[in-house]
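Working notes for the structure below.
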Amino acid sequence: MRIKGILFDSGDTLIFPKTGSWWPGPDFEPILQRHGIYISQFSPRQMKTALDEGEKYLAANHSISDLEEEREQFRTYYRIVCSNLGIGEKDNQLFEDLAGAYVDGCNVDLYPDTVSTLNKLTKEGVILGILSDAWPSLNKKYEMLSIRKYFKSFTISSQVGCCKPNELIYQKAIHEIGINPENLLFVDDDYENAKAAVRLGMRGTVISRNGENVGIKDIPFIEDLNSVFKIIKGQNERTN
């Protein structure tokens, strides 16, 4: 079947964190410093434990409908992280600043091939959508990056209430983009997520910008977005 649309994962596929790491979020260190707290006083083990506890909270409470709920969730997240670092009794302004930076800031940047690929796909009539394990503020971040206009659909896990590879979020994304699974390509940096798309009838592809998944044999593997066009061409030629 011809590929008429593409569902893209977001993080490590189209965008990456400016700090080089997704957690503990943007400006964590400078915000702590403004409150008289210095990262150097914590060991790597302390930081890992604190971040693990914060991640447990986010994973157990992954159902958010709007930005205000997201801010409240990240106020709690940063309270948990800071508490595990022994700084939980600080003024609430610390948690307001940290949550605000995550929700309202743009802590991400675009890969060099993102805009050119999206632009070319759109000109060729390919319908595009996002399917991401993320929070509502991702929509705003895409607007700030000037790429929201490329996507017909924007399916976010926190608004669905489950993450990939849960079948429900794929079904939601398929419904929102309005294209039959057999006519959809799904691009994700996670192998299991791509396999889940294949089980639902889509064409799954793993993107690995650092080449880590080079050993993949049962599913197409690409190292950059430009290679998407080869997959589309190959699939459509087999259909003709």
Side-chain angles (χ1 to χ4, degrees), residues 1-17 106 108-134 136-157 159-160 164-165 169-214 216 219-240:
M1 301 292 288
R2 293 183 62 82
I3 293 175
K4 299 178 181 179
I6 302 178
L7 288 170
F8 283 105
D9 170 50
S10 180
D12 297 322
T13 297
L14 301 177
I15 62 175
F16 63 92
C106 190
V108 296
D109 210 342
L110 300 166
Y111 285 106
D113 57 2
T114 296
V115 172
S116 60
T117 300
L118 297 178
N119 191 46
K120 184 176 179 181
L121 287 168
T122 300
K123 287 182 177 179
E124 292 184 1
V126 181
I127 306 301
L128 307 180
I130 290 293
L131 172 51
S132 176
D133 289 344
S137 61
L138 184 66
N139 201 319
K140 183 169 66 174
K141 290 173 175 44
Y142 269 50
E143 291 176 351
M144 295 169 73
L145 292 167
S146 299
I147 62 170
R148 180 62 180 86
K149 61 187 177 183
Y150 291 107
F151 301 100
K152 175 186 177 183
S153 63
F154 215 84
T155 308
I156 301 300
S157 59
Q159 295 176 317
V160 179
K164 297 173 289 187
I169 193 171
Y170 293 86
Q171 296 288 9
K172 178 71 171 176
I174 292 168
H175 174 75
E176 290 185 349
I177 200 170
I179 299 174
N180 292 331
E182 59 267 25
N183 298 119
L184 280 172
L185 173 67
F186 177 61
V187 182
D188 197 295
D189 65 303
D190 184 272
Y191 171 79
E192 293 301 330
N193 291 344
K195 286 291 289 184
V198 172
R199 289 194 294 270
L200 289 172
M202 288 183 272
R203 176 84 170 175
T205 300
V206 176
I207 184 169
S208 182
R209 293 181 177 277
N210 55 17
E212 285 183 353
N213 295 302
V214 71
I216 291 176
I219 196 168
F221 159 78
I222 59 177
E223 291 184 300
D224 57 65
L225 287 180
N226 294 319
S227 300
V228 164
F229 296 101
K230 296 178 182 179
I231 294 175
I232 294 175
K233 182 179 179 181
Q235 179 70 18
N236 290 348
E237 285 179 348
R238 285 192 292 272
T239 301
N240 294 332

Per-pair distances, 0.1 Å, donor-acceptor, side chain in residues 115-124, under 3.5 Å, sequence neighbours excluded:
{"from": "Ser116", "atom 1": "OG", "to": "Asp113", "atom 2": "O", "distance (Å)": "3.3"}
{"from": "Thr117", "atom 1": "OG1", "to": "Asp113", "atom 2": "O", "distance (Å)": "2.7"}
{"from": "Thr117", "atom 1": "OG1", "to": "Asn226", "atom 2": "OD1", "distance (Å)": "3.4"}
{"from": "Thr122", "atom 1": "OG1", "to": "Leu118", "atom 2": "O", "distance (Å)": "2.8"}

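- Checked against ring pair (Phe, Tyr, Trp, His ring centres under 6.0 Å), Tyr111 has the following partners two or more places apart in sequence or in another chain: Phe16.
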(message) Pair Thr205, Val228 - check side chain to side chain contact (heavy atoms under 4.5 Å, CB included), show working.
(response) CA-CA 9 Å; Thr205 300; Val228 164; 6.0 Å; no
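- Salt bridge status for Lys164 with Asp188: present, with a side-chain N to carboxylate O gap under 4.0 Å.
- Applying the salt bridge (charged side-chain N to carboxylate O under 4.0 Å, His left out) test to every pair with at least one member in residues 136-149, sequence neighbours left out, gives these pairs: Asp104-Lys140.
- Among residues two or more places apart in sequence or in another chain, the side-chain hydrogen bond (donor to acceptor under 3.5 Å, both in side chains) test is passed with Ser157 by His62.
- Minimum interatomic distance between Val126 and Gly5 (heavy atoms only, all atoms of both residues): CG1-CA, 3.9 Å.
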(message) Please evaluate residues Arg199 and Tyr170 with respect to the criterion side chain to side chain contact (heavy atoms under 4.5 Å, CB included), reporting the C-alpha separation (whole Å), side-chain torsions for both, the decisive distance (0.1 Å), and the verdict.
(response) CA-CA 10 Å; Arg199 289 194 294 270; Tyr170 293 86; over 6 Å; no
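- Under the side chain to side chain contact (heavy atoms under 4.5 Å, CB included) criterion, Pro136 pairs with Ile64, Leu67, Glu70, Ser158, Gln159, sequence neighbours left out.
- By the ring pair (Phe, Tyr, Trp, His ring centres under 6.0 Å) test, Tyr142 pairs with Phe151, Phe154, sequence neighbours left out.
- Residues satisfying the side-chain hydrogen bond (donor to acceptor under 3.5 Å, both in side chains) criterion with Asp224, sequence neighbours excluded, are Ser227.
- Residues satisfying the side chain to side chain contact (heavy atoms under 4.5 Å, CB included) test with Lys172, not counting sequence neighbours, are Thr155, Val160, Glu176.
- With rounding to the nearest 0.5 Å, the separation of CG in Asp133 from CD1 in Ile169 is 5.5 Å.
- Applying the side-chain hydrogen bond (donor to acceptor under 3.5 Å, both in side chains) rule to Thr114 yields no partners; only residues at least two apart in sequence or on another chain are considered.
- The side-chain hydrogen bond (donor to acceptor under 3.5 Å, both in side chains) check on Asn183 picks up nothing, with sequence neighbours excluded.
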